[in-house]
**Student:** 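So that we are looking at the same thing, I have put the structure below in structure tokens.
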Amino acid sequence: MTIEIEAPEAEPAVEAQTVEVHFKGNRRSFFTWAQPEEPLRLREAVIVEAARGLDFGRVSKTGSHAAKASAGACTSCSVGAKHVAEPIRKAVRRASPAEIATANQLRRD
């Protein structure tokens, strides 16, 4: 007697979400969000990796719009300059209510 055991189906690999984040002073950059089961939404406050630690910003593009824009975008090139792709950093977490309040207070001052 032979017993056939079916192997469990492998879950499809879930890709990280690409998002564009705007910062104070019209600066923007692209980041990956590694929790696709809880996707980020437009205008959501996030904490992201920065050159010198962490930074606060708001999501301005998500999904295919952000992925398409990040493929050929240059956020700091002058007109006519050749684009050199930067490595995409990570969106670390959603901003806490206290961080949002602090950011709003700093913008008012």
Side-chain angles (χ1 to χ4, degrees):
M1 175 186 270
T2 338
I3 299 175
E4 290 185 30
I5 300 175
E6 290 185 30
E9 290 185 29
E11 291 185 28
V14 181
E15 290 187 30
Q17 178 186 25
T18 300
V19 295
E20 180 186 61
V21 177
H22 274 210
F23 304 95
K24 184 177 176 183
N26 290 332
R27 187 172 53 93
R28 66 185 172 104
S29 194
F30 296 94
F31 297 87
T32 58
W33 177 248
Q35 298 176 29
E37 63 280 354
E38 296 178 23
L40 294 173
R41 297 178 308 270
L42 290 177
R43 293 180 287 288
E44 190 164 10
V46 292
I47 303 298
V48 298
E49 290 179 345
R52 295 183 180 181
L54 301 175
D55 203 354
F56 174 92
R58 292 204 177 260
V59 175
S60 58
K61 286 184 184 173
T62 62
S64 61
H65 296 292
K68 184 176 179 181
S70 71
C74 183
T75 58
S76 60
C77 297
S78 59
V79 175
K82 188 172 182 174
H83 169 63
V84 177
E86 296 178 17
I88 295 182
R89 294 190 176 137
K90 294 178 184 174
V92 179
R93 58 185 166 78
R94 289 178 164 90
S96 70
E99 291 166 328
I100 295 169
T102 299
N104 290 338
Q105 182 63 38
L106 290 173
R107 286 181 188 250
R108 279 186 240 127
D109 292 344

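Just so we're clear, the structure is a prediction, and the values are computed from it rather than from any experiment.
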**Student:** Remaining members of I47's ILVMFWY cluster at a side-chain heavy-atom cut-off under 4.5 Å?
**Tutor:** L54, F56, V92, I100
**Student:** Ignoring hydrogens and angles, tell me if any N or O in the side chain of T62 forms a donor-acceptor pair with the backbone of R41 under 3.5 Å.
**Tutor:** no
**Student:** I need the minimum non-hydrogen distance between A34 and A16, along with the two atoms involved.
**Tutor:** CA-CB, 4.2 Å
**Student:** Within a 6.0 Å radius of atom CG on N26, are there more than 12 heavy atoms belonging to other residues, nucleotides or ligands?
**Tutor:** no
**Student:** Supply the atom-to-atom distance S60 OG to E44 CD, rounded to the nearest 0.5 angstrom.
**Tutor:** 12.5 Å
**Student:** Could you tell me whether D55 and R89 make a salt bridge, using a distance below 4.0 angstrom between a side-chain N and a carboxylate O?
**Tutor:** no
**Student:** Residues sharing F23's hydrophobic cluster, by side-chain heavy-atom contacts under 4.5 Å among ILVMFWY, directly or via others?
**Tutor:** V19, V21, F31, W33, L40, V46, V48, V59
**Student:** Check for a donor-acceptor pair, side chain of R58 on one end and backbone N or O of H22 on the other, with a separation under 3.5 Å.
**Tutor:** no
**Student:** Could you measure the distance from the NZ atom of K24 to the CZ atom of R107? Nearest 0.5 Å is fine.
**Tutor:** 7.0 Å
**Student:** Please list, chain by chain and in numerical order, all residues satisfying side-chain hydrogen bond (donor to acceptor under 3.5 Å, both in side chains) with E38, sequence neighbours excluded.
**Tutor:** none
**Student:** Which heavy atom in A69 sits nearest to a heavy atom in K61, and how many Å separate them?
**Tutor:** CB-NZ, 3.9 Å
**Student:** How many angstroms lie between atom CD1 of I88 and atom CD of E20, to the nearest 0.5 angstrom?
**Tutor:** 11.0 Å
